[in-house]
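The analysis underlying the following values was restricted to heavy atoms, covering all of them including side chains, and did not include hydrogens, waters or symmetry mates. Keep in mind the model is a prediction, meaning the values are calculated, not measured.
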Amino acid sequence: MRVLGILGSQQPNGITGQSLQAVLKGAAETATTDWINLADYQITADYDNQPNPVLDSLEAKLLAADVWILAAPTYIGGLSGIMKNFLDCMRNRIARYNAVGEAVPDRFKNKHYVTITNCYAGGVENFVTGVTDAAFKTMDKFLTMGGLIKVREIVVTKTFGMTTLSTKKQAECERAGQRAATKKERDDNTMKRYLELFGMIAVMALVTMGIEAGIGRLIPLDNFWAYYGVFVVVFYVLLASILHFFTVVKHRRR
């Protein structure tokens with residue numbers, strides 16, 4: 001198993017770099033690790049079939065690795081420019097494109113990845129407003145184009161003035177690295193999602209029945225259609241609320 005760290009930050013020893021190194025430390029227990037600092041490369045896009053040795057070199061490293069760890073800070077509500085430039089320049093290599101311009105996963109399909117970002121916002125603020133969501137979405141969009149499978153997200157908040165990663169976050173990063181390095185199943189967790197959906201529906205049905213029992217004490221539900229109608233309305237409201245919550249709060253924020 002080979003794990004490759006990809007750092008897109010101005011400061012290799014900053015919080016972003018420390019987070020990446022912590023993940024690689026955990027992965028190193030069972031895997032071969034390596035990392036690249038994108039700031040050390042003059043990365044430009046491919047133009048008119050001209051040679052591009054920098055992208056060729058980076059692409060070879062990506063192909064050789066089984067797991068990618070992408071780490072980049074969130075700046076002004078978006079992904080850092082260094083990482084964004086790398087993703088933009090690699091966009092024509094991450095997948096092949098069909099006749100209508102749709103990306104089709106190819107050489108990188110079924111590799112795994114972990115994404116890391118951080119921000120000045122506090123944990124509560126980030127949870128409520130999603131300051132780091134855009135950074136995660138940008139990385140996810142690029143990686144899923146290539147058919148890669150997500151293992152974990154890691155976020156560090158309230159980093160203004162922070163010089164050293166906390167012990168708690170260091171341990172979290174190392175655990176994520178251990179998990180990523182031992183990820184042998186190459187699937188998209190379809191069964192896990194089905195089980196989560198079943199559990200969510202089961203809980204919602206139970207809560208709906210409880211709410212309906214309370215309503216029945218105030219309003220007589222003495223026939224099937226009245227009982228059914230209240231159940232559907234309550235269940236729909238709960239389902240819409242939960243789906244909205246998971247749509248908005250989709251990424252790790254604390």
Side-chain angles (χ1 to χ4, degrees), residues 1-12 14 16-17 19-21 23-24 27 31-118 132-154 177 180-181 183 186-188 251:
M1 178 75 73
R2 293 178 178 271
V3 179
L4 177 66
I6 306 168
L7 179 64
S9 174
Q10 301 281 358
Q11 303 179 39
T16 309
S19 302
L20 175 61
Q21 294 302 329
V23 174
L24 293 176
T32 300
T33 64
D34 191 12
W35 73 287
I36 55 178
N37 183 6
L38 297 177
D40 293 338
Y41 295 82
Q42 294 293 325
I43 302 174
T44 58
D46 294 309
Y47 292 110
D48 300 326
N49 296 319
Q50 294 296 315
N52 194 329
V54 173
L55 280 189
D56 290 343
S57 173
L58 294 174
E59 183 180 17
K61 291 179 179 292
L62 294 173
L63 283 169
D66 302 293
V67 182
W68 304 353
I69 316 295
L70 277 74
T74 295
Y75 291 146
I76 320 177
L79 188 63
S80 71
I82 294 175
M83 181 63 77
K84 184 62 166 61
N85 179 62
F86 168 69
L87 302 185
D88 288 344
C89 292
M90 280 291 297
R91 70 187 186 281
N92 290 326
R93 298 187 181 217
I94 191 67
R96 61 183 175 83
Y97 293 83
N98 60 23
V100 295
E102 295 174 332
V104 180
D106 191 12
R107 296 169 299 163
F108 303 109
K109 186 177 181 181
N110 291 331
K111 294 180 182 291
H112 291 82
Y113 74 91
V114 175
T115 49
I116 305 170
T117 194
N118 54 68
T132 55
D133 282 6
F136 281 131
K137 288 178 181 177
T138 301
M139 291 187 283
D140 285 343
K141 179 65 176 178
F142 172 81
L143 295 163
T144 54
M145 282 172 58
L148 280 83
I149 301 168
K150 180 187 289 188
V151 176
R152 177 70 185 273
E153 288 180 350
I154 299 172
K183 188 72 175 177
R186 297 185 177 275
D187 58 43
D188 58 358
H251 297 282

Could you tell me whether a side-chain N or O of [X] sits under 3.5 Å from a main-chain N or O of [Y], the two making a donor and an acceptor?
X	Y	result
Asn52	Leu55	yes
Thr138	Ala134	yes
Asn85	Ile43	yes
Ser80	Ser9	no
Arg91	Asp88	yes
Thr117	Ala72	yes
Lys111	Ala65	yes
Asp66	Arg2	yes
Thr144	Lys141	yes
Asn98	Val100	yes

Do [X] and [Y] have side chains that approach each other closer than 4.5 Å (heavy atoms only, starting at C-beta)?
X	Y	answer
Val3	Val23	no
Arg107	Arg96	no
Ile6	Met83	yes
Glu153	Val114	no
Leu62	Leu4	yes

Closest approach of [X] and [Y], non-hydrogen atoms and distance?
X	Y	answer
Gly5	Leu24	N-CD2, 4.0 Å
Ile154	Phe136	O-CZ, 3.4 Å
Asn118	Pro73	OD1-CB, 3.5 Å
Ala103	Ala95	CB-CB, 4.1 Å
Ala71	Leu20	CB-CB, 4.0 Å

Worked check of side-chain contact (heavy atoms from CB on, under 4.5 Å) between Val67 and Tyr113: CA-CA 5 Å; Val67 182; Tyr113 74 91; 5.7 Å; no

Atom pair [atom1]/[atom2] of [X] and [Y] - distance to nearest 0.5 Å:
X	Y	atom1	atom2	result
Leu38	Lys84	CG	NZ	13.5 Å
Met139	Leu70	CE	CG	6.5 Å
Leu148	Trp68	CG	CH2	4.5 Å
Leu143	Leu87	CG	CG	7.0 Å
Thr33	Met1	OG1	CE	13.0 Å
His112	Ile69	NE2	CD1	11.0 Å

Mutual orientation of the aromatic rings belonging to Phe86 and Phe142 [parallel < 30°, tilted 30-60°, perpendicular > 60°]: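 Judged by the thresholds at 30° and 60°, the geometry between Phe86 and Phe142 is tilted.
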
Full working for side-chain contact (heavy atoms from CB on, under 4.5 Å) between Leu7 and Thr16: CA-CA 8 Å; Leu7 179 64; Thr16 309; 3.7 Å; yes

Candidate pair Arg93 and Asp56, rule salt bridge (charged side-chain N to carboxylate O under 4.0 Å, His left out), full reasoning: CA-CA 10 Å; Arg93 298 187 181 217; Asp56 290 343; 2.8 Å; yes

Steps toward side-chain contact (heavy atoms from CB on, under 4.5 Å) verdict (Lys137, Leu79): CA-CA 9 Å; Lys137 288 178 181 177; Leu79 188 63; over 6 Å; no

Donor-acceptor side-chain pairing of Asn92 and Tyr97 below 3.5 angstrom: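 On atom types as modelled, these side chains do not qualify, holding no pair under 3.5 Å.
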
Residue pair Thr74 / Thr132, side-chain donor-acceptor N/O under 3.5 Å: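 No, because no side-chain N or O of Thr74 sits under 3.5 Å from a partner of the opposite role on Thr132.
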
Intermediate values then yes/no, side-chain contact (heavy atoms from CB on, under 4.5 Å), Gln21 and Trp35: CA-CA 9 Å; Gln21 294 302 329; Trp35 73 287; 3.3 Å; yes

Asp140 and Lys150 ion-paired at < 4.0 Å: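 Yes, Asp140 and Lys150 are salt-bridged.
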
